[in-house]
Asks: 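I am attaching a structure below and will ask some questions about it afterwards.
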Amino acid sequence: MTDSAKPTLLVIDGHSLAYRAFYALPVDNFSTKDGQHTNGIYGFLSMLVNLVKAEKPTHLAVAFDTSRESFRTREYTEYKANRSESPAEFKGQIPLLQECLGAMNIPVLLKPDFEADDILATLATQGAAAGYNVLVCSGDRDTIQLVNDDVTLLYPNVQGVSQLKRYDREAVIERYGVPPEQYPDIAALVGETSDNLPGVPKVGEKTAVKWLKQYGSLQELIDNADKVTGVVGGNLREHLDDVRRNRKLNRLLTDVELALGPDELAVNPIDAQAVREIFARLEFRALLPRVLEATGADQATSDAASAPAVAMPATTEPTGADLQAWLEAATAEVGLTVLTERGLPQRLGLATSDSAIEAAWDAEASAVLIPWLVSDAPKIMNDAKAQVKALRRADVVLGGLAFDTLIAGWLLRPSFPDKTLGHLVERFLDETLPEADPSQLVPETEGATPGQLSWFTVRVAEALRADMPDSVTTVLTDIEVPSLLVLADMELAGVAVSHDELSAFSAELGTRADSIAQQAFTTIGREVNLGSPKQLQEVLFEDLQLPKTRKTKTGYSTDAAGLADLQRTNPHPFLDLLLQHREATKLRQIIESLDTAIGADNRIHTTYVQTGSQTGRLSSTDPNLQNIPVRNEESRRIRAAFQVGNGYETLLTADYSQIEMRIMAHLSEDPGLIEAFNSGEDLHRFVGARVFGVDPSEVTAAMRTKVKAMSYGLVYGLSAFGLSKQLRIEQSEAKQLMLEYFARFGAVRDYLRSSVEQAKIDGYTETIFGRRRPFPDLSSPNRVLRENAERAALNAPIQGSAADIMKIALFHIHDELRAQGLASRVLMQIHDELVIEVAPGEWDAAEQIVRTRMGDAASLTVPLDVQIGRGANWDEAAH
DNA sequence: CAGCACACGTA
DNA sequence: CGTACGTGTGCTGT
């Protein structure tokens, strides 16, 4: 009988329940795009949510085995020895499940040398003694012995974990015919095949119960074994040692020393943000709301919002001399928030760690604020770029920017999805930023004022600084913040794009696409949506009976590479028309998106997302100007529509040639590669000559293609398999090519190997300038995850160093153009290329600045080569 | 209507 | 079974 006034302690055997879930749910339906299986985790958490909702435990813990070894295996080496290795698909799931539980603030209990059931037994015993209703949830029958008036067992039925059967004292007696404390006696007699504990031959549950009833206890039975009649009696006498051993081993320990006792297992609010993150990683979606609901986290967050851990200062609104006085008193860094309206400043919030003020952006206040804003007085902002732009539109050039919390958070953890100050407040302060509910006309909770936002920003910065290694702080101060100010200018400047040229091209492509579609329909005798992979699969693999291509999640691939392969082996007019249609519609789509992005000033203003990559690169959105087609003649018409703007003379493009291979040469110190770059010879020709043992003049186009693919592939962690596929050569030939390559450029291989090894030790990689990227998966037991992490870790220092170098060059160029009073300006950055708009008469000066600043942005053991082009449009300016 | 899968553009 | 991105389309599930 449960007493509702008592607290409820729920203790769960994590391993056994997750294992049950693993077999109950189809493994194929539960895996991430990285190949991590998640069915056991999902099933366990799903069961847990149901359990929490139904039982409403006040105290909760999950216990795990630490390994297969325990005091039992030492006592009896055969114990569980028949258990086969758990499937590879299951193994990696336990650590991830423990991570989930961590995020949910549910204690995970482990004790080396003991099994999870011993932990459950100990907690159940302590809990019952301390006045709890105890619920034990386990898939191991041995836990039946724990049931008593205070302890109930929840046992999964054969179907899996969705149904749990409740065993209280009565239910055990009904099912097994003996009280719970006698169940181990039955088990000892019968034996437990799954634990490799043989019992008495021919004795099953029925006989065991009969004997126990007859003799009263196992001890009595053993003492009177000679009185037991029949064949089974003989068997019993022969196996008495087994029975004694079984009974010894199946007794659960109730006095394991644990780090936490029942009273310390009180249910805590979950870390909603952490749960979101890990669920995102595991690609769980439906589960999140269920978890939040069951744990009351959706409620908890709004409660926390009204009660931050540290009291917010009230925001005052000083004016005139008072405002002046506040600014003069704030000698330390000041948090700054510029509230904007349609891209212009509206209100400003300023704060130190104990004071917050705000001011409307009007003539009176700005007269006092502008000198402070443009001064070197140090300022801390969150996601400063948009605010810097707003100020600049008001002709205020912000000075003294010392710290950007959003960028700092990203530098510390580039993989985290933090996008707002609210996220940072949760993660780094463990508090909740008050936010008005936008769905309510009159929100119940008030959002933070700009002054309070600045106050939070200052405090988040303080927390971030404490976590930031020096090298990361240097990257923030010396690379990211200066870049931010330049990116703001670039976005404001935009790039002139001709609507007329784009729309003419778009119309042409539209007509062409329609005509191609009609022809394609004729060849197959029906009309389908050529943009639908699903319908295309029907046409290709059912109607036309073409051989199957690469498998995808939903069927077979219809991508360009696959279609080209099909065309080679099974030529069909439809295939070629489809490819042409794809090309025309894709181009048209890119053109349309660019066209709609052209502003009233005839220019496109992209947004560079400074925190948009894990490596340090920028990304570009709305629209993305970093993926404008270039690889074929026709598509370059799009680039031709990017033109020099009014008041300017020409476009200058500048790009680093082979910057990643140069960084590879620098980092690996490979003498051959260094010589290649110092020789002035074409890189791939030089490498080809070495690899194939010929004179550079004898390197054929085919040889050059091969070493080029090899060189680039190295930077990405390419395998012989991948190389053979890329070059359409035999895997053996690819392997041979790699061997020859490394025979000549061995230091490259050594560097790549050692850099991954170092990353495994450190847990992160580092660029030349100290930018870090953590790689927790390098130590994952899951091979797919681990090998993916290894390739990414191999690439990160190279791609990241290139990104660092380009950012340094970018702001050096910008700053020097300004310093020399030139009007020429940087418009675009495409990873290793810059596009600059040159004002009349400034070509020579601008070219000089660009060449010099890109060339000396970093001092490597090989020179940084810069290619410059000039033209009235982007296509012409390409060299 | 949101989110997924696919396909494809760039460095 | 090669890294890093963003976007548009079709389609499915809420």
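So you know, we letter chains A, B, ... as the sequences are listed, proteins then strands, and number each from 1. Since the structure is predicted, the reported quantities are computational estimates derived from the model, not experimental observations.
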Asks: With hydrogens left out and only the distance checked, is there a donor-acceptor pair under 3.5 Å joining A:Arg617's side chain and the base of B:dA11?
Replies: yes
Asks: Can you measure A:Leu723 atom CG to C:dC1 atom P for me and round it to whole angstrom units?
Replies: 16 Å
Asks: Strictly below 4.0 Å: does A:Ser719 bring a side-chain N or O up to OP1 or OP2 of C:dG2?
Replies: yes
Asks: For C:dG2, does OP1 or OP2 lie under 4.0 Å from any side-chain N or O of A:Arg791?
Replies: no
Asks: Atom CG of A:Leu530 and atom C1' of B:dA7: how far apart are they, to the nearest Å?
Replies: 14 Å
Asks: Among side-chain atoms of A:Asp865 and A:Ser657, is any donor-acceptor pair under 3.5 angstrom?
Replies: yes
Asks: Give the intermediate values and the outcome of side chain to side chain contact (heavy atoms under 4.5 Å, CB included) for residues A:Phe574 and A:Leu530.
Replies: CA-CA 11 Å; A:Phe574 179 77; A:Leu530 296 177; 3.9 Å; yes
Asks: Could you check whether A:Ala560 gets within reach of a base, just the sugar-phosphate, or nothing at all, counting any heavy atom under 4.0 Å?
Replies: sugar-phosphate
Asks: Remember a base hit wins even if backbone is also touched, and classify A:Gln614 as base, sugar-phosphate or nothing at under 4.0 Å, heavy atoms.
Replies: sugar-phosphate
Asks: Could you tell me the separation between the CE atom of A:Met710 and the C1' atom of C:dG2, rounded to a whole number of Å?
Replies: 12 Å
Asks: Could you tell me whether the side chains of A:Ser613 and A:Arg773 share a donor-acceptor contact shorter than 3.5 Å?
Replies: no
Asks: Answer yes or no: does a side-chain N or O of A:Thr552 lie under 4.0 Å from OP1 or OP2 of B:dC6?
Replies: yes
Asks: Counting any heavy atom closer than 4.0 Å, what does A:Gly722 reach on the DNA or RNA strands: base, sugar-phosphate only, or nothing?
Replies: sugar-phosphate
Asks: Do A:Gln829 and A:Gln626 meet the criterion of a side-chain donor-acceptor pair at a distance under 3.5 Å?
Replies: yes
Asks: NA contact type, A:Val609, heavy-atom cut-off 4.0 Å: base, sugar-phosphate, or nothing?
Replies: nothing
Asks: At less than 4.0 Å, is any side-chain N or O atom of A:Arg631 found next to OP1 or OP2 of B:dT10? Yes or no.
Replies: yes
Asks: Reading nucleotides 7-14 of chain C 5' to 3', which nucleotides get B (base under 4.0 Å from a protein heavy atom), which S (sugar-phosphate only), which -?
Replies: SS-SSS--
Asks: Report the nucleotide, chosen from B:dA11, B:dA5, C:dG2, that has the shortest atom-to-atom distance to any side-chain atom of A:Lys553.
Replies: B:dA5
Asks: Counting any heavy atom closer than 4.0 Å, what does A:Arg773 reach on the DNA or RNA strands: base, sugar-phosphate only, or nothing?
Replies: sugar-phosphate
Asks: Under 3.5 Å, is there a donor-acceptor pair linking the side chains of A:Glu833 and A:Thr653?
Replies: no
Asks: Report yes if at least one side-chain N or O of A:Thr558 is closer than 4.0 Å to OP1 or OP2 of B:dC6; otherwise report no.
Replies: no
Asks: Rounded to the nearest angstrom, tell me the gap between atom CG in A:Leu579 and atom P in B:dG9.
Replies: 11 Å
Asks: Would you say the side-chain atoms of A:Asp576 and A:Gln580 include a donor-acceptor pair closer than 3.5 Å?
Replies: yes
Asks: Taking all atoms of both residues into account, what is the closest heavy-atom pair of A:Leu864 and A:Arg662, and its distance?
Replies: CA-CD, 4.4 Å
Asks: Quickly work out the A:Arg636 CZ to B:dG9 P distance and round it to whole Å.
Replies: 14 Å
